[in-house]
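All of these numbers come straight from a predicted model, not from anything done at the bench.
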Amino acid sequence: MIVSALFLLLATGHLVLALFGVSRIRAGAARMFLLPTVLCTALCYDNAVLALGSTIGEGRPLELLSVPRFVLHAILTPLLVLWARAAMDSADIPVVRRPGVRRAAVGLTVALIAVGSLHVLQLDLRPRWWAGALRYTGATGSAATALPAIIAGLAVLAAGIGLWRRHRYRLLFATSAVMTLVAGAAPVIPVLGNAGELVLSAGLLGTAAWLRRRDEDRSMVPQ
C-alpha cells in the first residue's frame, strides 16, 4: 500500500511538471519544452497505472492499461537523443552542428525506436507483485530491452557535461547523473527507477527554461 502511494506521488509530480511545460508552450516556448512535457505526461500515466495496479487487480483491464506504458517508452525515450543534441546546439556547442553529428543523432534515434518497437511487438505481459504493488511486466527481459533507455540516458548525460563545461550550468548533468545511478537498481527496486525519472524530468524542463532565458537575454542585447 505504501509503495502504491509512492507511485501515486510520483504520478502527481509528473503531472505538476507537465502542467508547467504546457504553460511554457502556451507562452510560445515550444521548441525545447515539447518533448519533456510529453514525456512527463506519459510518465504520469505510467506511475498512475502502477499506483492503481493493486486496486484494479490481476486481469485483462490492468493488462490493457499496461500496454501503453511500454509503447510510450519505446517511442518517446529515444527522442531524448535528438533533444540532447538540440540542447547543446541551443547552448552554442559547435560540435553538434556538424552534419555528421546531426545524421548520427537521427540514425541512432530511429534505430533505438526500432529496437524498442520490436520489444513491444514481442511483448508477453505477466502480473508481478512487488512490495504490495501489482504491475504487468514482460515475461522475459534482456539487455536489449533496456538498451534504448540506457543510450538515451547517456546522450542526455553527455549534453549535461557539455553544458557544464561550456557554461557552468550543472542542473542537466546532476539530474541525468542521478538517473544513470539509480537505473541499475530499477529492476530490483522499481519505485527507485521511477523516482529517478521524475528527477530527470525536472532537469529537462529546468534546462529548457534556462535555454529559453538565454535566448531571451541574447535577443535583448543591442546589435
Side-chain angles (χ1 to χ4, degrees), residues 6-27 29-51 65-90 105-106 108-117 119-120 135 145-160 163 171-183 186 190-212:
L6 289 175
F7 280 124
L8 184 59
L9 185 62
L10 292 173
T12 303
H14 279 293
L15 178 59
V16 171
L17 291 177
L19 291 174
F20 169 72
V22 169
S23 70
R24 301 309 300 149
I25 291 171
R26 294 182 65 180
R31 183 169 178 263
M32 296 304 298
F33 280 94
L34 183 58
L35 179 59
T37 300
V38 174
L39 276 171
C40 286
T41 305
L43 290 170
C44 176
Y45 175 86
D46 181 88
N47 283 281
V49 171
L50 294 174
L65 287 171
S66 299
V67 171
R69 294 176 49 228
F70 296 91
V71 174
L72 291 170
H73 272 286
I75 295 173
L76 296 177
T77 302
L79 294 178
L80 284 172
V81 174
L82 297 179
W83 187 92
R85 195 215 67 81
M88 287 189 282
D89 188 352
S90 296
V106 172
L108 180 59
T109 300
V110 171
L112 294 179
I113 291 176
V115 170
S117 299
H119 171 59
V120 170
R135 60 197 174 109
T145 61
L147 192 61
I150 293 172
I151 293 177
L154 290 175
V156 176
L157 181 60
L163 268 60
L171 180 62
L172 186 61
F173 167 74
T175 54
S176 57
V178 168
M179 183 68 244
T180 302
L181 289 173
V182 303
V191 71
L192 186 59
N194 288 47
E197 290 175 338
L198 180 62
V199 171
L200 179 59
S201 296
L204 296 175
L205 285 167
T207 301
W210 176 75
L211 290 169
R212 177 68 174 179

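- Put simply, OG1 on Thr109 and CZ on Arg85 are 10.0 Å apart, with the number rounded to the nearest 0.5 Å.
- The closest side-chain heavy-atom distance from Pro148 to His119 is not below 4.5 Å.
- Thr207 is linked by a side chain to side chain donor-acceptor pair (under 3.5 Å) to Tyr169, counting only residues two or more places apart in sequence or in another chain.
- Note on residues 147-157: no pairs pass salt bridge (Lys or Arg N to Asp or Glu O under 4.0 Å), not counting sequence neighbours.
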Just distance, no hydrogens or angles: give the donor-acceptor pairs under 3.5 Å from side chains in residues 38-45, sequence neighbours left out.
residue : atom : partner : partner atom : Å
Thr41   : OG1  : Thr37   : O            : 2.9
Tyr45   : OH   : Leu65   : O            : 2.7

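- Annotation: side chain to side chain contact (heavy atoms under 4.5 Å, CB included) contacts of Ala183 (sequence neighbours excluded): Met179.
- Put simply, the side chain of Leu200 reaches to within 4.5 Å of the side chain of Ser176, judged on heavy atoms.
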N/O donor to acceptor pairs below 3.5 angstrom from side-chain atoms of residues 6-26, sequence neighbours left out:
residue : atom : partner : partner atom : Å
Thr12   : OG1  : Leu8    : O            : 3.0
Ser23   : OG   : Phe20   : O            : 2.5

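- Each salt bridge (Lys or Arg N to Asp or Glu O under 4.0 Å) pair with one or both residues in residues 194-206, not counting sequence neighbours, would appear here, but there are none.
- For the pair Met32 and Ser90, the tightest heavy-atom approach, listed with the atom from each and the gap, is SD-OG, 4.2 Å.
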For residues 66-82, please give each side-chain donor-acceptor pair under 3.5 Å, one per line with the distance, not counting sequence neighbours.
residue : atom : partner : partner atom : Å
Ser66   : OG   : Leu62   : O            : 2.7
Arg69   : NE   : Asp46   : OD1          : 2.8
Arg69   : NH1  : Tyr136  : O            : 3.3
Thr77   : OG1  : His73   : O            : 3.0

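- Between Trp210 and Leu172, the closest side-chain pair of non-hydrogen atoms is not below 4.5 Å.
- Residues Leu157 and Ala177 approach most closely at CD1-N, 3.9 Å, considering heavy atoms.
- In this structure, Arg135 has no salt bridge (charged side-chain N to carboxylate O under 4.0 Å, His left out) partners at least two apart in sequence or on a different chain.
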